[in-house]
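Keep in mind it's a predicted model, so treat the numbers as computed, not measured.
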Amino acid sequence: MRALGGLEPGWGLTVLRIAMALVFAVHGYAKFAAGLGKTSAFFAKISIPLPELMGPVIAVLELIGGMLLVLGWATRWLGLLFAMEMLVAMLWVQMPAKGWNGSELERVLLAGGITLFFTGAGKLAIDQVWPKKGFPFSRLIW
C-alpha cells in the first residue's frame, strides 16, 4: 500500500492491533477476576461444549493473547484465534440472545481478527523483527 501524506498504512494496523488487544485483555482479566468457575458456568448455560475446559481456555486466550497483541507477537495466529472466538460469540451467543444489532462488537472484532490474520501486525511489533527464515510454518505465518 502507498503512504498517504507520508503516513505509512502499517500505523493503521498498529492502532487496530492495540485497540483489539486492550479489549481482549480487559475481557480476559474480567473472566479471571469474576472467577473461572463463573465463566465456565456461563459457558455451560449457553451450551458451549466442554465448558469447564473452554472457560479457562478463552480467559487465557483473551488475557495473554491480548498482552501478546500489544507487543505484536504471533499477531497473525492470534488474529485467527480471536476471529474464530468472535464468530462463535456472534453466532452462538449474541445473535440468538440480542439479534443482529446486539452483535456489533463481535462483528467488529471478527473483522479486526481477520484483518490481522491477513495483514500482520503493522508497525512497532515483535513480528517485524522475529526471524522468518527457517522458522517452522514461517510461510503460513508471514
Side-chain angles (χ1 to χ4, degrees), residues 1-4 7-142:
M1 294 182 96
R2 291 184 345 186
L4 178 66
L7 188 61
E8 294 207 23
W11 288 110
L13 293 172
T14 302
V15 170
L16 173 67
R17 185 187 84 230
I18 292 173
M20 284 183 61
L22 295 174
V23 168
F24 281 114
V26 167
H27 280 85
Y29 176 79
K31 286 175 177 61
F32 279 101
L36 293 178
K38 284 188 178 182
T39 301
S40 295
F42 174 70
F43 280 24
K45 181 180 175 182
I46 59 172
S47 302
I48 297 288
L50 303 169
E52 298 83 16
L53 173 66
M54 293 310 296
V57 165
I58 293 301
V60 167
L61 171 63
E62 289 179 353
L63 181 61
I64 303 300
M67 291 189 291
L68 291 176
L69 268 188
V70 168
L71 300 173
W73 192 31
T75 302
R76 289 180 184 251
W77 290 111
L78 288 168
L80 179 62
L81 289 173
F82 285 135
M84 292 183 333
E85 177 190 356
M86 290 300 102
L87 187 62
V88 170
M90 180 183 77
L91 296 176
W92 197 306
V93 181
Q94 296 301 335
M95 287 182 69
K98 301 177 185 175
W100 178 256
N101 289 335
S103 65
E104 291 138 340
L105 176 62
E106 290 75 15
R107 290 194 318 265
V108 169
L109 292 173
L110 170 64
I114 292 169
T115 300
L116 291 179
F117 176 68
F118 282 116
T119 62
K123 300 290 185 181
L124 292 177
I126 291 174
D127 286 349
Q128 287 184 319
V129 296
W130 196 261
K132 294 175 180 125
K133 193 172 186 177
F135 188 72
F137 309 112
S138 60
R139 290 180 189 245
L140 295 175
I141 298 172
W142 292 280

- Tell me, with the steps shown, if Met67 and Leu63 meet side-chain contact (heavy atoms from CB on, under 4.5 Å). CA-CA 6 Å; Met67 291 189 291; Leu63 181 61; 4.1 Å; yes
- Query: Given Leu69 and Leu116, is the side-chain contact (heavy atoms from CB on, under 4.5 Å) satisfied, shown in steps?
  - Reply: CA-CA 10 Å; Leu69 268 188; Leu116 291 179; 4.2 Å; yes
- Task: Show the numbers, then the answer: is there a side-chain contact (heavy atoms from CB on, under 4.5 Å) between Phe82 and Leu61?
- Result: CA-CA 8 Å; Phe82 285 135; Leu61 171 63; 3.6 Å; yes
- Item | Pair Ile48-Trp92, side-chain contact (heavy atoms from CB on, under 4.5 Å): steps then yes or no | CA-CA 8 Å; Ile48 297 288; Trp92 197 306; 4.2 Å; yes
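Contact record, Leu36 with Ala59: CD2-CB, 3.6 Å, taken as the closest heavy-atom pair. Taking each heavy atom of Phe43 and Pro51 in turn, the nearest pair found is CB-CB, 3.7 Å. Minimum heavy-atom separation, Arg76 to Thr119: NH2-O, 3.3 Å. Across Ala121 and Thr75, no two heavy atoms sit closer than the pair CB-OG1, 3.3 Å. Considering all non-hydrogen atoms of both residues, Glu106 and Ala89 come closest at CG-CB, 3.9 Å. In this structure, Ser40 and Gly55 approach most closely via the heavy-atom pair OG-CA, 4.0 Å.
Distance OG1/Thr39 to CD1/Ile58: 10.5 Å, rounded to 0.5 Å. The line from CD of Glu85 to CG of Leu109 is 9.0 Å long, rounded to the nearest 0.5 Å. The structure places CZ of Phe117 at 5.0 Å from CG of Leu80, a figure rounded to the nearest 0.5 Å. Rounding to the nearest 0.5 Å places CZ of Phe24 at 14.5 Å from CD1 of Ile64.
Listed by first and then second residue, the side chain to side chain donor-acceptor pair (under 3.5 Å) pairs that reach into residues 107-117 are Ser103-Arg107, sequence neighbours excluded.
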Please list, one pair per line, the donor and acceptor atoms closer than 3.5 Å that link side chains of residues 95-102 to other protein atoms, with sequence neighbours excluded.
unit_1	atom_1	unit_2	atom_2	d
Lys98	NZ	Gln94	OE1	3.3

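With hydrogens and angles disregarded, no donor-acceptor distance shorter than 3.5 Å links the side chain of Glu62 to the backbone of Tyr29. Formation of a donor-acceptor pair under 3.5 Å by the Arg17 side chain with backbone atoms of Lys123 is found in this model.
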